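Scope of the values below: all heavy atoms of this structure, side chains included, with no hydrogens, waters or symmetry mates. Owing to the predicted nature of the structure, the values given are computational and were not obtained by experimental measurement. Here, residue 1 is the first one in the sequence, and each next residue gets the next number.
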Amino acid sequence: MLRATGVSRSYGDERVFRDLTIDVDAGEVVAVIGPSGVGKTTLLRTLALSLEPDEGTVTLDGTDAWAVDESARLALRRRVGMVFQEASLFGGSVARNVEYGLRVRRSWSERIASLFRLSGAADAVHESLEVVGLADKTDQPADSLSGGEAQRVSFARALAYDPDALLLDEPTSDLDPRNTAVIEEAIGEAKARGIGVVVATHDMHQAERVADRVAVLLDDGITEIGPTEEIFDDPADERTRKFISGELVY
C-alpha cells in the first residue's frame, strides 16, 4: 500500500540513508528500530509525503507521490496520518483537538458538506477517544491533560479521520507503563481497522509486542527487514544481531 523504493536523503553533505526500501500493507504493523539519530524521523517524514527524497520513489497504492502535481500529492498526503513524539495540542477542548484532524484533512467541498453532517464528525471523535480511553474527557480543556493523556489525544486525532496509513514517531518514549499500554492497544485497533501502521521506536520490547514485521535501521540504511520473531530470534545480518544483543553500541 505505502512503499518507499530505493530512497536516499541527505541534509547538505550529511547522508541520512541511501537506497532504502520499505513498505507497509493495509492492516499491518511495521516497526522501525535503530539507535537515536539514525534517521527514523526522516524516514517517517518521507513516508508521510512531506519530505521529498533525493532519489527513489514513494508510492501510495501505486501512485508515485512526487510524479504528480501538488494538488494530487496533497490528496495522497491526506490519506496518511502521523503522530509525533511530542503531543502538539492547542487551546480548547479535547473534542475540538480531535475534530481538527477531521477538518484539515478534508477538501473544501467535503468541509462544506460536513456542516450538514455534524453527527458523523461527532461520532468519529467519540469513537477515536474511546479507543484511547478518553471518551469521558471530551469537553475537558486540552491544557489540563497530563502528558500521557495529551499523547493519547494526538493518537485519537490521527485515528479519527481513518487514514490509510498511520506513522508513529517514538509515540511512547516519554510515557509511563499505563499510557504506553493504551497506545499499544490503540495500535492494535488501528491494525484491526485495516490501517497500515509504521512505528519508529528505540524500544525493542515494544517492537516485539506490536509489530508484524521489523526493519532495522543502522548506519545509512536498513540492514534487515522481516517477520518480528525472525528478526529477534534468528537475524540474518550480523550487524542486526549485534545491535539487538547490545554488542553494537552507538
Query - More than 12 heavy atoms from other groups under 6.0 Å of CZ on R18 - result: no
Query raised in the report: Hey, is E70 close enough to R73 for a salt bridge, meaning N to O under 4.0 Å?
Result: yes
Report task. Apply the test side-chain hydrogen bond (donor to acceptor under 3.5 Å, both in side chains) to residues S128 and Y161: give CA-CA distance (whole Å), side-chain angles for both, the deciding distance (0.1 Å), then the verdict. Result -> CA-CA 9 Å; S128 62; Y161 54 81; over 6 Å; no
Query - OG1 on T172 to CG on D174, rounded to 0.5 Å - result: 9.0 Å
Query - Salt bridge E230-R213, side-chain N to carboxylate O under 4.0 Å - result: no
Query - N/O donor-acceptor pair under 3.5 Å between T63 side chain and A65 backbone - result: no
Report task. State whether the side chain of D212 and the backbone N or O of V29 hold a donor-acceptor pair below 3.5 Å, judged by distance alone. Result -> yes
**Report entry** Side-chain touch V132/K137, heavy atoms, less than 4.5 angstrom
**Finding:** no
Report task. Carefully, step by step, assess R152 and E149 under the rule salt bridge (Lys or Arg N to Asp or Glu O under 4.0 Å). Result -> CA-CA 5 Å; R152 286 152 64 184; E149 289 172 335; 5.1 Å; no
Query raised in the report: Is the shortest side-chain N to carboxylate O distance from D220 to R15 below 4.0 Å?
Result: no
Query raised in the report: Is it true that a side-chain atom of K191 and a backbone atom of A186 form a donor plus acceptor pair closer than 3.5 Å?
Result: no
Query raised in the report: Side chain of E86, backbone of Q151: donor and acceptor closer than 3.5 Å?
Result: no
Query raised in the report: Are the side chain of D54 and the backbone N or O of S10 linked by a donor-acceptor pair below 3.5 Å?
Result: yes
Report task. Determine, for R79 against D61, whether the closest basic-nitrogen to carboxylate-oxygen distance falls under 4.0 angstrom. Result -> yes
Requested in this report: Taking the side chain as every heavy atom from C-beta outward, state whether L168 and F155 have any pair of such atoms under 4.5 Å apart.
Outcome: yes
**Report entry** Which atom of I195 lies closest to which atom of P163, heavy atoms considered
**Finding:** CG1-O, 3.2 Å
Query raised in the report: Hey, does the side chain of T240 reach the backbone of P235 with a donor-acceptor pair shorter than 3.5 angstrom?
Result: no
Query - Cationic N near anionic O, under 4.0 Å, D169 to R45 - result: no
Query raised in the report: How long is the span from the CE atom in M82 to the CG atom in L49, to the nearest 0.5 Å?
Result: 11.0 Å
Query raised in the report: OG1 of T5 to CG of D23: how many Å apart, nearest 0.5 Å?
Result: 7.5 Å
Query raised in the report: Is T21 reaching over with its side chain to a backbone N or O of G6, donor-acceptor style, under 3.5 angstrom?
Result: yes
Requested in this report: Measure the shortest side-chain to side-chain distance between D237 and K242 over non-hydrogen atoms and say whether it is less than 4.5 angstrom.
Outcome: no
Query - Side chain E208, main chain E229, donor-acceptor under 3.5 Å - result: no
Query - Evaluation steps, salt bridge (Lys or Arg N to Asp or Glu O under 4.0 Å), between E247 and R241 - result: CA-CA 8 Å; E247 297 176 47; R241 186 193 66 76; 2.9 Å; yes
Query - Straight-line distance of L166 CG to L2 CG, nearest 0.5 Å - result: 11.0 Å
Query raised in the report: If only atom types and distance count, is the side chain of E55 paired as donor or acceptor with the main-chain N or O of V7 below 3.5 Å?
Result: no
Requested in this report: Find the distance between CG (D219) and CZ (F243) and round it off to the nearest 0.5 Å.
Outcome: 10.5 Å
Query raised in the report: Can you tell if the side chain of V197 reaches within under 4.5 Å of the side chain of V30, non-hydrogen atoms only?
Result: no
Requested in this report: Please indicate whether R3 has more than 12 foreign heavy atoms, meaning atoms of other residues, nucleotides or ligands, lying under 6.0 Å from its CZ.
Outcome: yes
**Report entry** I33 side chain reached by T201 side chain, heavy atoms, under 4.5 Å
**Finding:** yes
Query raised in the report: With sequence neighbours left out, which residue pairs that include part of residues 197-218 fulfil the ring-ring contact (aromatic ring centres under 6.0 Å, His included) condition?
Result: none
Report task. Working to the nearest 0.5 Å, report the span between CG of N97 and CD of Q140. Result -> 12.0 Å
Query raised in the report: If you measure from the Lys or Arg side-chain nitrogens to the Asp or Glu carboxylate oxygens, is any gap between R9 and E52 under 4.0 Å?
Result: no
Query - Polar side-chain atom of S8 near backbone of D19 as donor-acceptor pair, under 3.5 Å - result: yes
Query raised in the report: Are any of the side-chain nitrogens in R178 or D176 under 4.0 Å away from the carboxylate oxygens of its partner?
Result: no
Query - pair R157-L89: side-chain heavy atoms closer than 4.5 Å - result: yes
